[in-house]
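Everything below concerns the one structure shown next.
Just so it is clear, the structure is predicted and the values come from calculations on it, not from any experiment. FYI, side chains are in, hydrogens and waters are out, and symmetry mates aren't considered; it's all heavy atoms of this structure.
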Amino acid sequence: MPERHNALPELEPSSLLAVIEFTETQVKNFRRSLLSWYPRHRRAFPWREEPSLYRTVVSEFMLQQTQVSTVLPYFERWMKRFPDFETLANARESDVLKHWEGLGYYNRARNLRRLAEKLSGRKSMPETPEAWRELPGVGPYTAAAVTSIAFGARAACVDGNVVRILSRIHSDDTEFRDGGAAARAYTATAAALLDPARPGDHNQAMMELGATVCFRTKPLCTTCPLLRFCRAGQGGDPEKHPVLAAKKVTRVEVPRLWCRRDNSLLLHRASGTARRLADLYELPDAQLLGLEAGDTESLGPILLRRKRSITRYRITETIHRYSPPRGRKVPLSAGSGLEWIPLDRLNGITLSGPHRKWVDELIAAEGEADSDG
DNA sequence: AAGCCGGGGCC
DNA sequence: GGCCCAGGCTT
């Protein structure tokens, strides 16, 4: 067994949290290795090939908790419809949400539009992370990303990629309650490592490395430019880091109604101030009409049963074909959020991603049933 | 600090 | 089925 080359100083486990104990020289070599790797391996994305402040901001909002492959088609459509802050600021929120349909975390879209409203009226753009933090939807990560990329601000990004890389470099066994706690713990380390001469490239390089080399499972350590700085990569088990506490999962059953009348479908629209899915439509929860889960007798036959996850909730949604009992009207009291939507208007409204799919699916199925009969 | 917000990719 | 992803807001 050949002796491993280990460029790292011996570290006490307890000292690993806040700052990597690299020498000045090691920090410089770390930056040089990273920045030499980046231009040779960076992927071409529309917001990189044709960069602008606006495109950088839009991409960062879309990329919050969302993978690049998912974002790409949305980004292109978005740029055609809302090419700049001005256009976005003047657009209707319903139109903005429609273009976000299916991406999830819909407050990102509302915040992005509000941000555009605040910026489109200004003579000059804010250029510091502190100033960007004042804008809606901009937290520590996005402020650092936007200002380092667009203005060369010396602000370090700490996202899931960076946490994964740094925790492996440390071989850090600290258990964090979630990714956010880990990100806060690594903020000082990331700042100390940031290359002050090229902050934007440095940040993007770290995230690119996390996305294309330092995978959560089966990382490509043998090709990693930072291997010589990485304790887990050299002698440990990279997949064990970072250590995040297990999340509690809650299971939920939601009965929903497929309620047709003439050429309309009954839908529920969340209020504009709702915490979840504000202003978006979904098939009505049976409980809104005073019906109980499991009461198939009054709910009607099952048309569809689907599982999905929303953060820590494991949700099973069962869609029943519902016909109101004779003589009983569906109560459309003001403020209930229930609306009859004509079928020819369905494409114009915004549903949550899964409900959009299910509604389209069921409408198509009814069409076939009709032509069969 | 803890809870909440979507949806999809991947193992 | 479980975990993660270019996080941020509310309480």
Side-chain angles (χ1 to χ4, degrees), chain A residues 42-43 45 47-48 55-75 97 100-112 114-115 132-146 148-149 156-165 176-185 187 190 200 203-212 214-219 239 241-252 270 273-278 280 282 306-317 350-357:
Chain A
R42 74 193 271 281
R43 294 167 293 175
F45 295 135
W47 50 89
R48 283 181 178 161
R55 291 165 69 88
T56 300
V57 171
V58 172
S59 69
E60 291 301 344
F61 267 69
M62 288 187 171
L63 287 165
Q64 289 170 9
Q65 298 298 99
T66 308
Q67 294 180 347
V68 172
S69 58
T70 305
V71 164
L72 282 171
Y74 282 90
F75 184 83
L97 282 172
W100 205 271
E101 186 184 56
L103 255 189
Y105 287 123
Y106 297 92
N107 272 335
R108 293 185 295 177
R110 306 161 143 282
N111 285 336
L112 182 53
R114 287 172 53 209
L115 180 150
W132 275 82
R133 279 297 305 276
E134 304 294 318
L135 296 166
V138 178
Y141 164 77
T142 306
V146 168
S148 68
I149 294 170
C157 292
V158 189
D159 69 339
N161 290 307
V162 174
V163 166
R164 201 164 55 252
I165 294 168
F176 300 100
R177 66 166 276 282
D178 60 23
R184 285 190 290 279
T187 298
N203 282 328
Q204 293 191 78
M206 287 290 280
M207 296 187 283
E208 192 75 355
L209 188 66
T212 63
C214 196
F215 297 132
R216 179 171 61 89
T217 57
K218 299 183 179 177
E239 293 192 4
H241 311 277
V243 185
L244 301 178
K247 292 173 188 168
K248 298 168 200 159
V249 175
T250 304
R251 287 177 169 72
V252 183
T273 58
R275 170 195 291 274
R276 182 175 168 268
L277 300 176
L280 268 64
E282 291 198 319
R306 292 282 190 278
K307 293 182 179 181
R308 61 166 165 155
S309 296
I310 299 177
T311 62
R312 71 183 190 87
Y313 295 96
R314 185 80 186 159
I315 302 168
T316 304
E317 297 176 74
T350 306
L351 290 90
S352 71
H355 285 238
R356 163 60 64 190
K357 274 193 291 189

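Rounded to whole Å, atom P of B/dG3 lies 19 Å from atom CZ of A/R276. Residue A/L72 contributes atom CG, which lies 18 Å from atom P of C/dC5 at whole-angstrom precision. Whole-Å rounding puts the A/H355 NE2 to B/dG6 C1' distance at 11 Å. A/R306 places its CZ atom 15 Å from the P atom of B/dG7, with the value rounded to the nearest Å. Spacing between atom CG of A/L277 and atom P of B/dC5 amounts to 9 Å, rounded to whole angstrom units. Rounded to whole Å, the distance from CG on A/N107 to C1' on B/dC4 is 11 Å. We find that CZ of A/R314 is positioned 14 Å from P of B/dG7, with the value rounded to whole Å. Rounded to an integer number of Å, the gap from A/R308 CZ to C/dG2 P is 17 Å.
Each of A/D178 and A/Y106 was matched to the nucleotide of DNA chain B holding its nearest heavy atom; the match closer to the 5' end belongs to A/D178. The nearest heavy atom of DNA chain B to A/I310 and to A/R184 marks one nucleotide each, and the one closer to the 5' end goes with A/R184.
Side-chain atoms of A/Y141 and A/Q64 include no donor-acceptor pair closer than 3.5 Å. Neither side chain, A/R314 nor A/T250, offers a donor N or O lying under 3.5 Å from an acceptor on the other. Using modelled atom types and a 3.5 Å distance limit, the side chains of A/N111 and A/R108 yield no donor-acceptor pair.
Taking atom P on both C/dG8 and B/dG9, the two are 23 Å apart, rounded to the nearest angstrom. With C1' as the reference atom, C/dC4 and B/dC5 are 16 Å apart, rounded to whole Å. Taking atom C1' on both nucleotides, B/dG6 is separated from C/dC3 by 15 Å, rounded to a whole Å. Rounded to the nearest Å, the gap between the P atom of B/dG8 and that of C/dC9 is 24 Å.
Here the side chains of A/P242 and A/R164 are in contact, with some heavy-atom distance below 4.5 Å. Residues A/E317 and A/K307 are not in side-chain contact: their nearest non-hydrogen atoms beyond the backbone lie 4.5 Å or more apart. Proximity of A/V163 to A/D159: side-chain heavy atoms (C-beta onward) are nowhere separated by under 4.5 Å.
Residues passing the salt bridge (charged side-chain N to carboxylate O under 4.0 Å, His left out) test with A/R43, sequence neighbours excluded: A/E208.
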**Item:** Candidate pair A/W100 and A/Y74, rule ring pair (Phe, Tyr, Trp, His ring centres under 6.0 Å), full reasoning
**Value:** CA-CA 7 Å; A/W100 205 271; A/Y74 282 90; 7.5 Å; no

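Ion pairing between a basic and an acidic side chain is recognised when a charged N comes within 4.0 Å of a carboxylate O; A/E282 and A/R308 show such pairing.
The phosphate of B/dA1 has neither OP1 nor OP2 within less than 4.0 Å of any side-chain N or O from A/R177.
At the heavy-atom level, A/L103 lies under 4.0 Å from base atoms of the strands shown.
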What's touching nucleotides 8-11 of chain B from the protein side, N or O pairs under 3.5 Å?
from: B/dG9; atom 1: O4'; to: A/Q67; atom 2: OE1; distance (Å): 3.1

**Request:** Spell out protein contact along nucleotides 6-11 of chain C as letters: B when the base is contacted, S when just the sugar-phosphate is, - when no protein heavy atom is under 4.0 Å; keep the 5' to 3' order.
**Result:** BBSS--

